[in-house]
Protein chains: 2
Amino acid sequence: MTTSARPDQAGSRLAELSTPALVVDHGPLERNLATMAGVWPGRRLRPHVKAHKTSGLARRQAELGHTGFTCATIREVEVMAAAGLGEDLLLANEVLDMHRLGAVVKSGARVTVAVDSDAVLAAAVAGGVREVLIDVNVGLPRCGCDPADAGRLADAARAAGLEVRGVMGYEGHLMMVADPVERAGKTAGAMAMLQQAHADVGGDILSGGGTGTWRTNAVVTELQAGSYALMDTAYAAQDDVPFEQALTVLATVVSVNSSKGYAVADAGLKAFGMDHGNPTLPGAAVWYCSDEHTIFSMEDGAPLPAVGDRVRLVPAHIDPTCAMHERMWVVDGNDVVVDCWPVDMRGW
Amino acid sequence: MTTSARPDQAGSRLAELSTPALVVDHGPLERNLATMAGVWPGRRLRPHVKAHKTSGLARRQAELGHTGFTCATIREVEVMAAAGLGEDLLLANEVLDMHRLGAVVKSGARVTVAVDSDAVLAAAVAGGVREVLIDVNVGLPRCGCDPADAGRLADAARAAGLEVRGVMGYEGHLMMVADPVERAGKTAGAMAMLQQAHADVGGDILSGGGTGTWRTNAVVTELQAGSYALMDTAYAAQDDVPFEQALTVLATVVSVNSSKGYAVADAGLKAFGMDHGNPTLPGAAVWYCSDEHTIFSMEDGAPLPAVGDRVRLVPAHIDPTCAMHERMWVVDGNDVVVDCWPVDMRGW
């Protein structure tokens with residue numbers, strides 16, 4: 001029950017939904033998808049499903065020509081393949097449960113896995129994975145081999161019978177660099193490391209980048225952007241990231257304290273990824289969140305809402321926010337529900 | 001699939017579980033339950049299920065005599081009643097979807113709802129709820145009516161045909177006061193407000209308190225503690241909170257960077273509630289978390305782990321952490337899985 005949509009509520013109005021609820025505005029979503037597809041068309045974009053974990057949204061991205069996808073977990077690979085979206089799935093992350101991926105390959109989907117060590121390489125071979133990318137560390141303190149070790153790993157992979165499709169390097173440490181010029185310069189430096197490794201590795205693919213470097217990464221053959229579709233306040237703060245906020249968390253005001261000047265909405269720590277800070281509410285000041293509540297006051301002398309009023313809170317970080325919800329409701333400009341997508345790639 | 005347990009893995013060893021995985025140590029859990037039951041026996045404790053969202057753990061609490069429970073969401077009430085744990089469920093939160101609670105009442109469960117305004121009271125009456133507590137604000141800037149308004153609300157509830165069982169007042173703003181003496185003094189002040197309101201409201205129940213005030217709240221007739229069973233690093237920092245850490249997140253090391261001196265484990269922002277900060281790892285320094293990773297270095301010159309090694313990370317805040325997982329594995333002192341509990345109260 002808890003991961004299924006509620007088709008009985010499709011066609012209903014926004015105000016009728018149980019709260020908290022993830023709400024996607026259809027117009028902004030479609031404009032975001034079109035803006036990105038204009039610059040990174042077709043297979044030049046490999047949308048990252050970790051941002052939304054929703055095969056219904058991934059299907060819409062595939063309809064626009066982006067038929068190869070990036071995944072962060074084995075579960076995401078399994079669900080995408082089961083949804084018929086397994087034409088070319090890249091697990092851009094190191095994992096060891098490779099037998100689960102081998103089973104997806106056997107099912108007929110194409111799965112390519114990131115490899116940054118001999119241990120992960122050995123697991124891929126043993127698990128029945130056939131294609132890999134060499135994951136190169138380009139400055140983010142996370143996964144990825146030393147660029148100087150990439151060629152050796154590629155040789156070892158080929159010697160083990162794997163196809164090496166190329167390299168990946170994620171400049172995640174640069175996504176939030178505020179100044180676009182500085183971000184562009186640092187991105188070029190990181191991508192130079194990726195190109196150096198690619199010269200040793202070979203293959204057709206240089207995979208990397210994200211929403212934050214969609215305009216500053218001129219090197220990758222495919223961009224791994226995910227947040228652009230739904231957006232959040234962290235990315236919206238960047239001057240050269242023009243995507244519109246397409247996702248909000250619908251909440252109901254359940255308590256109002258007129259004497260102290262605040263209201264309480266029924267969405268809290270369990271409805272928002274909090275690592276980038278509190279959600280925001282236009283025209284209001286968010287005081288804090290507790291498990292099931294967001295407490296806020298109004299700005300510029302605006303009157304407090306009444307118990308029963310609905311508010312739409314904007315998450316600071318989209319990825320963990322989506323992962324906390326069972327479904328997202330797609331609404332049109334008249335706040336009528338036009339679709340309901342289960343967030344079906346949650347978990348591991 | 002994503003909320004069901006995997007009984008095929010029950011009886012397996014910790015090292016065989018897919019990661020990330022919520023792991024409950026049976027010994028510390030049972031000791032925590034016994035310690036609390038020794039001070040707050042039977043119905044004197046109304047365990048708060050929001051901390052674990054797991055009916056399997058709630059059933060164990062009921063077996064120890066705590067047959068009344070506290071809930072924070074309608075979903076928690078629905079699942080507890082469906083699990084046969086509906087002898088006396090308190091929804092200690094303001095909600096408006098009262099028809100869902102009325103349906104639970106019709107099913108035979110006993111449901112009492114917190115009320116702090118005429119609007120919520122009217123919704124309770126219309127929804128078929130029959131019993132309420134008057135929710136009194138005792139200093140936490142969240143829900144709860146002015147203590148001076150509690151009597152009027154109680155009269156209005158009785159005039160509408162509801163049974164008023166008493167009052168509740170949650171001193172959540174005092175749970176993390178470090179000095180036990182200062183916490184005790186401030187708790188007494190907050191509880192004096194609750195007693196004043198109770199004098200106007202009547203009824204048998206004064207409900208409130210939590211793990212942080214389990215030793216300092218001498219007023220409530222029932223304590224709404226939840227975190228004590230599994231614990232987290234935030235509560236563990238308090239001198240007079242003796243409960244043991246019973247829950248960790250099992251993760252696998254998927255990448256090691258020897259030259260830069262860090263390792264990467266496969267549990268991140270989507271596996272931990274981050275509002276109280278990063279998870280901790282004994283003997284290590286956690287650098288940061290990203291969506292699916294925790295990056296850490298070792299302290300005191302200890303060697304880095306190897307790819308494939310397992311680590312057990314300790315969450316900073318238990319409530320949102322549990323809500324991010326599909327199940328929790330219960331293991332004995334030999335790391336053998338003895339039970340698997342679906343986290344079946346997630347969502348809303």
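Order of the sequence lines sets the chain letters (A, B, ...), proteins ahead of strands, with each chain counted from 1.
Closest approach of B/Trp287 and A/Pro141 over heavy atoms only: CZ3-CB, 4.3 Å. Of all heavy-atom pairs spanning A/Leu140 and B/Tyr262, the tightest one is O-OH, 4.0 Å.
Considering CG of B/Leu96 and CG of A/Asp266, their distance stands at 8.0 Å, rounded to 0.5 Å. To the nearest 0.5 Å, atoms OG1 (A/Thr19) and CD1 (B/Ile74) are separated by 8.0 Å. Atom CG of residue A/Asp275 and atom CG of residue B/Asn278 lie 9.5 Å apart, to the nearest 0.5 angstrom. Here the straight-line distance linking atom CH2 of A/Trp348 with atom CG of B/Leu17 works out to 13.5 Å at 0.5 Å rounding. In this structure, CE in A/Met324 is found 10.5 Å from CZ in B/Arg346, a value given to the nearest 0.5 Å.
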Query - Working for side chain to side chain contact (heavy atoms under 4.5 Å, CB included), residues A/Leu269 and B/Asp319 - result: CA-CA 9 Å; A/Leu269 299 176; B/Asp319 305 38; over 6 Å; no

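A salt bridge does not link B/Glu292 with A/Arg142: none of the charged nitrogens is closer than 4.0 Å to a carboxylate oxygen.
Put simply, of B/Val307, B/Val264, B/Asp291, the one with the most heavy-atom pairs under 4.5 Å next to chain A is B/Asp291. Ranked by heavy-atom pairs under 4.5 Å with chain A, the list B/Asp146, B/Asp97, B/Asp116 is led by B/Asp116. In terms of non-hydrogen atom pairs under 4.5 Å with chain A, the most contact-rich of B/Ala271, B/Cys145, B/Ala306, B/Ser117 is B/Ala271.
Scanning residues 251-259 of chain A against chain B with a 4.5 Å non-hydrogen threshold yields A/Thr252, A/Val253, A/Val254, A/Ser255, A/Asn257, sorted by number.
Side-chain contact between A/Cys143 and B/His293 is present, with at least one heavy-atom pair separated by less than 4.5 Å. Looking at A/Met274 and B/Pro320, their side chains never come closer than 4.5 Å, going by heavy atoms from C-beta outward.
For chain B, no part of A/Asp118 is nearby; none of its heavy atoms comes within less than 4.5 Å. Proximity to chain B is absent for every atom of A/Thr321, based on heavy atoms less than 4.5 angstrom apart. In this structure, no portion of B/Ala263 lies under 4.5 Å from any heavy atom of chain A. Residue A/Phe272: no heavy atom, backbone or side chain, is found under 4.5 Å from chain B.
Here the side chain of A/Lys270 pairs a donor or acceptor atom with the backbone of B/Lys50 at under 3.5 angstrom.
The ring pair (Phe, Tyr, Trp, His ring centres under 6.0 Å) test applied to B/His317 returns B/His276, not counting sequence neighbours.
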